[in-house]
Number of protein chains: 2
Amino acid sequence: MSDAISTKGFWTSLAAKNGLSQDDLEALLSLPVRRRNLGAGASVARNNSPAKSCSFLLSGFAYASKLLRDGARQIVSVHVPGDFVTLSGVFEAPIVDEIRMLTPGTVASVAAGALHHVLASHPAIQTALWRQTAIDASIFSEWLAAIGRRDAQSRVAHLLCEFAVRLRAVGLTNGKAFDLPMTQAQLADATGLTAVHVNRVLNALRQTGLVATDKRTIAINDWPGLVALADFDSAYLGMD
Amino acid sequence: MSDAISTKGFWTSLAAKNGLSQDDLEALLSLPVRRRNLGAGASVARNNSPAKSCSFLLSGFAYASKLLRDGARQIVSVHVPGDFVTLSGVFEAPIVDEIRMLTPGTVASVAAGALHHVLASHPAIQTALWRQTAIDASIFSEWLAAIGRRDAQSRVAHLLCEFAVRLRAVGLTNGKAFDLPMTQAQLADATGLTAVHVNRVLNALRQTGLVATDKRTIAINDWPGLVALADFDSAYLGMD
DNA sequence: CGGAGGCTTGAGCCCTTTCAATGTCTGTGG
DNA sequence: CCACAGACATTGAAAGGGCTCAAGCCTCCG
């Protein structure tokens, strides 16, 4: 797990991104954290145990999805190392049906009780978490526009653009290529398409010279072209 | 505007729903609020003026939408009286392209600065707002599943179910029927369909005896049937 | 009374799905 | 070292749900 970060690194980064004080940071660092190493496909949230907590990814990728009565699945978010996974889990039962690891990885969790205790005396920390939830909502609404109003090529291209930016932000790209550990069926569940059609779309993107793929590694050969096709503007990711 | 609520009523309701203390409530009531009466179609957010604020609907309906390069529109949320409209507007520039009134109504806003001042000393208030943002995110993700994985009838039925529940919660329904002041074109923009197809879907819902419509008034004649068609479960709305 | 926005309906097309089969890769066990 | 299984990727053919285009109608309002 060469790309793993530490709990301390996670909190430090959060503090830096939100301009938290040294006192705030120390409060975060003092929180009791439980680490778990999970395998690919493992469930991150324990549905039956109603213990509320807030968890984040130290390494590995995860996704959250909703299941429909007819068995269809919609992946509503994908989480990369350094992301919160269940942030609003502090409040109530998870709004999604399942949260699973895409790859092996490490999840850290803080019990809601301990967190609330810290938040009560550190408003700036709560603002930081609130802001993160707002960014999550922003990403949801961007996906909504993508799935509701873009065609298949545009949707897939948009997803690739988003991950290119997010992975670059956490240093998980060596210049041109990055790892997107999702099967085509999972990409389909994230874009509201079928696996067969995702395959054809990726084929088209390859033949147009926009991207190249090798296993689960994506190389973007024509960034401006992909951005244009996706109508992509990274503002909704709430970075810098 | 017989169904208008007051700013005081709004804060009191927020306090009640989140178990805020009397002290918290008084802090909310002391916030300087600007009220604006807007006509149908009026823009709620002033895109050019970067003044950050938090606003909510005292009366009337509004929607937030994203615009795509090709002119397509995706409505990502619809707001009913008593709802926050720009809650995450406290943080940065709005993530949506436009927020407009569906009907004439009154919008109240609190400047971000004044709000932050109160939040710094009232953690429970901030928690309440954060929780509301989490609910907004929950609704986004439910819409994501609807648009990504449900067929047209199911999507429209889902939207109708959601509004039936939300409007009942704020007392904007006289038993069986409620007002949904959206044109079919707007319903289409909210469900990721075309206006023509929404028309046909509504026709089908009428002919199946699930709903009856009169102008913009919707009467649900077969609630269990509509819920079944929509695969609807109101848990994601974060009520009770 | 005229115009504009919204609703309705029909016909044909097309993007995406469905169904089905084949190919590829990887790990496993004989 | 090969046979085998399972998961994933790929491809073709055909069907279909929703879209596009287009016309007609209704209703409200100035």
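Hydrogens, waters and symmetry mates are skipped; everything else that's a heavy atom, side chains included, is used. Note on naming: letters A, B, ... go to the chains in the order of the sequence lines (proteins, then strands), and numbering restarts at 1 for each one.
- In this entry the distance linking CG of B:Leu193 with P of C:dC15 reads 18 Å, nearest Å.
- Within the nucleic acid shown, B:Arg150 has no heavy atom closer than 4.0 Å to any nucleic acid atom.
- Within the 4.0 angstrom heavy-atom criterion, no nucleotide atom of any strand lies near A:Gly41.
- A ring-centre distance under 6.0 Å is found for B:Phe84 and B:Phe10.
- Residues B:His158 and B:Tyr236 place their aromatic rings such that the two centres sit under 6.0 Å apart.
- Atom CG of B:Asp136 is separated from atom CD of B:Gln132 by 5.0 Å, given to the nearest 0.5 angstrom.
- Atom CG of A:Asp70 is separated from atom P of C:dT18 by 10 Å (rounded to the nearest Å).
- For the pair A:Arg168 and A:Trp223, the cation-pi test (distance below 6.0 Å, angle within 45°) is passed.
- One interatomic measurement links the two molecules: CD1 of A:Ile147 to P of C:dT17, which rounds to 11 Å at whole-angstrom precision.
- Between the side chain of A:Arg200 and the base of C:dT18 there is at least one donor-acceptor pair of N/O atoms closer than 3.5 Å.
- Between A:Tyr63 and A:Ile99 there is no side-chain heavy-atom pair separated by less than 4.5 Å.
- Spacing between atom CG of B:Leu102 and atom P of C:dG6 amounts to 11 Å, rounded to whole angstrom units.
- Using a 4.5 Å heavy-atom threshold, the side chains of B:Leu159 and B:Trp143 count as touching.
- To the nearest angstrom, C1' of C:dT16 lies 14 Å from NE2 of B:His197.
- Each end of the helix from C:dC1-D:dG30 to C:dG30-D:dC1 gets its own rotation axis from five pairs of C1' atoms, and the angle between them is 30° to the nearest 10 degrees.
- Taking atom CG of residue B:Leu202 and atom C1' of nucleotide C:dG6, one finds them 13 Å apart after rounding to whole Å.
- When DNA chain D is scanned 5' to 3' for any atom under 4.0 Å from a heavy atom of chain B, the first and last hits are D:dG18 to D:dC28.
- With A:Asp189 as reference, A:Arg73 is the one residue of A:Arg73, A:Lys66, A:Arg100 to meet the salt bridge (Lys or Arg N to Asp or Glu O under 4.0 Å) rule.
- Checking C:dA20, C:dT16, C:dT8 against the side-chain heavy atoms of A:Ala152 singles out C:dT16 as nearest.
- Looking at heavy-atom distances under 4.0 Å, A:Arg155 makes no contact with the nucleic acid at all.
- Atom-to-atom distance recorded for B:Arg149:CZ and A:Gln74:CD is 6.0 Å, nearest 0.5 angstrom.
- Mapping A:Ala195 and A:Lys215 onto DNA chain C via the closest heavy atom, the residue that lands nearer the 5' end is A:Ala195.
- If you measure from atom CG of A:Asn199 to atom P of C:dT16, you get 14 Å, rounded to the nearest angstrom.
- Spacing between atom CG of A:Asn203 and atom P of C:dG23 amounts to 17 Å, rounded to whole angstrom units.
- Between the side chains of B:Thr106 and B:Arg36, no donor N or O sits under 3.5 Å from an acceptor N or O.
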